[in-house]
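Working notes for the structure below.
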Amino acid sequence: MSKNVFRLALCAMLFALCVSAEAQPQAKIPRIGYISGTGDSSNPGPYVEALRQALRDLGYVEGKNFVIEFRGAEGKVEPIPGIVAELVQLKVDVLVVPIASAIRATKQATKTIPIVMVTQVDPVATGLVDSLAHPGGNITGLATLQRELSGKRLELLAEVVPGLARVGVLRDAEGPVSSIGLKDYEAAARTLKIRIQSLDVHGPNPDLAGAFRQAVKGRVNAVVTITNNPLFRNSKRITDLALKNRLPSMYEGSTWVDAGGLMSYSANDLELFRRAARYVDKILKGAKPADLPIEQPTKFEFVINLKTAKALNLTIPQSVLFRADKVIK
């Protein structure tokens, strides 16, 4: 009799434990909204992958304690407000935003969802944050110092291209960053006694062949490209056109040189997004964006493509090669 009672009691206890376990609410999986200016679901691009891998390195497991809600604008400006509204409505736990127009849109759309930005422009001068040390509000992240490096890029071109006198600046005239970038190159060029010719294209379907015809007609000696979403999506086409028109080219990120461009000088693009993952980690653990200082890179990457130099019949001086962080042979 006592054995039967014991068995019944044991069964009842096990049943109660099972019911209790099933009744426990499942832990909420944090969702990270990511807005890509150039990618789409079939080809999200290297930057979100760098973020994803960095989160794994920090001990996160995708699907278990983080999910990335990826949205791509495919090089267009028009979808961005809708993408921002969708992710805000989803109530993601944090937004990662590397596009100037999307950073502004998210700032206007939400005062509560933390935003980790990766921005080319000065976030204080453009009113995105109060200061680098104390951002305030719900935005923090990284400022790439992209615009501050314009003079250095022209200096490197002058060392590599004999008799450099005129440089074409390829830009999307409709891009919010391009007018700032053009002014920076013009200011640096005056110091170096170089003339700047603006090579303007427009929107998601830029007339790149026409821009390079302008460059040849204007007798530019080299071309610099101001990075934005439509131009980045056409990076291979742009580097091919520069080579076809026998124009040495300088870019604002190493991925352009991987695509066949001659040179780049910038912060390490992928490292910036790996750093962004640390901000996400801190925020998911309870830190407030207002208390997380804006980071700026302290190391910059000079990359040269010797295959492209050879195709242009251009000899890179040894003094320049010694300074390169990466040489593609």
Cluster overlap Leu231 with Met250, hydrophobic side-chain contacts below 4.5 Å: no

Test log, rule side-chain contact (heavy atoms from CB on, under 4.5 Å), inputs Asp281 and Lys285: CA-CA 6 Å; Asp281 175 49; Lys285 289 175 178 174; 3.0 Å; yes

Residue pairs, two or more places apart or on separate chains, that pass side chain to side chain donor-acceptor pair (under 3.5 Å) and touch residues 116-138: Gln120-Arg147

Flag, side chain of Thr308 to backbone of Gly260, donor-acceptor distance under 3.5 Å: yes

Connected-component partners of Val216 among ILVMFWY, side-chain separation under 4.5 Å: none

Hphob cluster co-occupancy, Leu170 + Val224, side-chain heavy atoms under 4.5 angstrom: no

Check: Ile32 and Val96 side chains under 4.5 Å, non-hydrogen atoms: yes

Partner residues of Phe273 under the ring-ring contact (aromatic ring centres under 6.0 Å, His included) criterion, sequence neighbours left out: Tyr47

Tyr60 backbone acceptor or donor facing Asn65 side chain under 3.5 Å: no

Phe212 vs Leu199 side-chain heavy atoms within contact, under 4.5 Å: no

Cationic N near anionic O, under 4.0 Å, Lys28 to Asp93: yes

CG on Leu145 to OG1 on Thr298, rounded to 0.5 Å: 9.5 Å

Main-chain N/O of Thr112 paired to Thr110 side chain as donor or acceptor, under 3.5 Å: yes

Neighbour count above 12 (heavy atom, 6.0 Å) for Asp57 CG: yes

Spacing of Lys76 atom NZ and Thr38 atom OG1 [to the nearest 0.5 Å]: 13.0 Å

Test salt bridge (Lys or Arg N to Asp or Glu O under 4.0 Å) applied to Glu155 - qualifying residues, sequence neighbours left out: none

Residues Arg56 and Glu62 bridged, charged N to O under 4.0 Å: yes

Residue list, salt bridge (Lys or Arg N to Asp or Glu O under 4.0 Å) with Asp291, at least two apart or on another chain: none

Step-by-step side-chain contact (heavy atoms from CB on, under 4.5 Å) determination, Val169 to Ile226: CA-CA 7 Å; Val169 176; Ile226 297 175; 3.6 Å; yes

Contact summary for Pro230 and Asp172, nearest pair of heavy atoms: CG-OD2, 3.6 Å

Smallest separation among heavy atoms of Ala222 and Leu164, with atom names: CB-CD1, 3.9 Å

CA sep, side-chain torsions, deciding dist, call: Ile29, Lys64, side-chain contact (heavy atoms from CB on, under 4.5 Å): CA-CA 7 Å; Ile29 299 176; Lys64 183 178 179 182; over 6 Å; no

Considering all heavy atoms, the nearest Val97-Ala102 contact: CG1-CB, 3.4 Å

Salt bridge (Lys or Arg N to Asp or Glu O under 4.0 Å) against Arg323, all qualifying residues, sequence neighbours excluded: Glu159

Minimum heavy-atom distance Pro289-Pro135, with the two atoms named: O-CG, 3.8 Å

Shared hydrophobic cluster for Leu182 and Tyr251 (ILVMFWY, side-chain gaps under 4.5 Å): no

Side chains of Phe300 and Lys152 in contact at under 4.5 Å (non-hydrogen atoms): no

Heavy-atom neighbours of Arg31 CZ exceed 12 at 6.0 Å: yes

Donor-acceptor contact present, side-chain Lys326 to main-chain Glu301, <3.5 Å: no

All side-chain contact (heavy atoms from CB on, under 4.5 Å) counterparts of Arg71, not counting sequence neighbours: Glu69, Ile83, Glu86, Leu87, Leu90

Residue Glu78 excluded, over 12 heavy atoms near CD under 6.0 Å: yes

Path from Leu292 to Leu51 over hydrophobic side-chain contacts below 4.5 Å: yes

Verdict with reasoning, Ile294 to Val124, per side-chain contact (heavy atoms from CB on, under 4.5 Å): CA-CA 10 Å; Ile294 305 292; Val124 179; over 6 Å; no

CE-CG distance between Met263 and Leu156, expressed to the nearest 0.5 angstrom: 6.0 Å

Student check: side-chain heavy atoms of Val77 and Glu174 closer than 4.5 Å: no

Non-hydrogen atoms of Ser178 and Ala173 that approach each other most closely: OG-CA, 3.9 Å

NZ/Lys329: more than 12 non-hydrogen atoms of other groups inside 6.0 Å: no

4.5 Å side-chain heavy-atom contact, Tyr34 and Pro98: yes

Partner residues of Lys299 under the salt bridge (Lys or Arg N to Asp or Glu O under 4.0 Å) criterion, sequence neighbours left out: Asp325

Heavy-atom side-chain proximity of Leu142 to Tyr279 below 4.5 angstrom: yes

Min side-chain heavy-atom separation Ile328-Asp258 under 4.5 Å: yes

hydrophobic_cluster_shared for Leu262 and Leu154, side chain cutoff 4.5 Å: yes

Any Leu314 side-chain heavy atom under 4.5 Å of Pro162 side chain: yes

Between CE on residue Met117 and CG on residue Leu95, distance to nearest 0.5 Å: 13.5 Å

Show the atom names and distances, to 0.1 Å, of all donor-acceptor pairs under 3.5 Å that link a side chain in residues 185-195 to residues at least two apart or in another chain.
unit_1 : atom_1 : unit_2 : atom_2 : d
Tyr185 : OH     : Arg153 : NH1    : 3.1
Tyr185 : OH     : Glu252 : OE2    : 2.8

Nearest-0.5 Å distance that lies between atom CG in Leu208 and atom CZ in Arg213: 10.5 Å

Can you give the donor-acceptor pairs under 3.5 Å from side chains of residues 236-247 to other protein atoms, not counting sequence neighbours?
unit_1 : atom_1 : unit_2 : atom_2 : d
Lys236 : NZ     : Asp240 : OD1    : 3.2
Lys236 : NZ     : Ala259 : O      : 3.3
Thr239 : OG1    : Ser235 : O      : 3.2
Thr239 : OG1    : Lys236 : O      : 2.9
Thr239 : OG1    : Ala259 : O      : 3.0
Asn245 : ND2    : Leu241 : O      : 2.8
Arg246 : NH1    : Ala311 : O      : 2.6
Arg246 : NH2    : Ala311 : O      : 3.2
Arg246 : NH2    : Leu312 : O      : 3.4

Side chain to side chain contact (heavy atoms under 4.5 Å, CB included) partner of Asn305, the single match among Val327, Ile316, Val257: Val257

Residues that Gln318 engages under side-chain contact (heavy atoms from CB on, under 4.5 Å), provided they are two or more places apart: Leu321, Phe322

Contact list for residues 197-206, test side chain to side chain donor-acceptor pair (under 3.5 Å), sequence neighbours left out: Arg166-Gln197, Arg171-Ser198, Arg171-Asp200, Ser198-Asp200

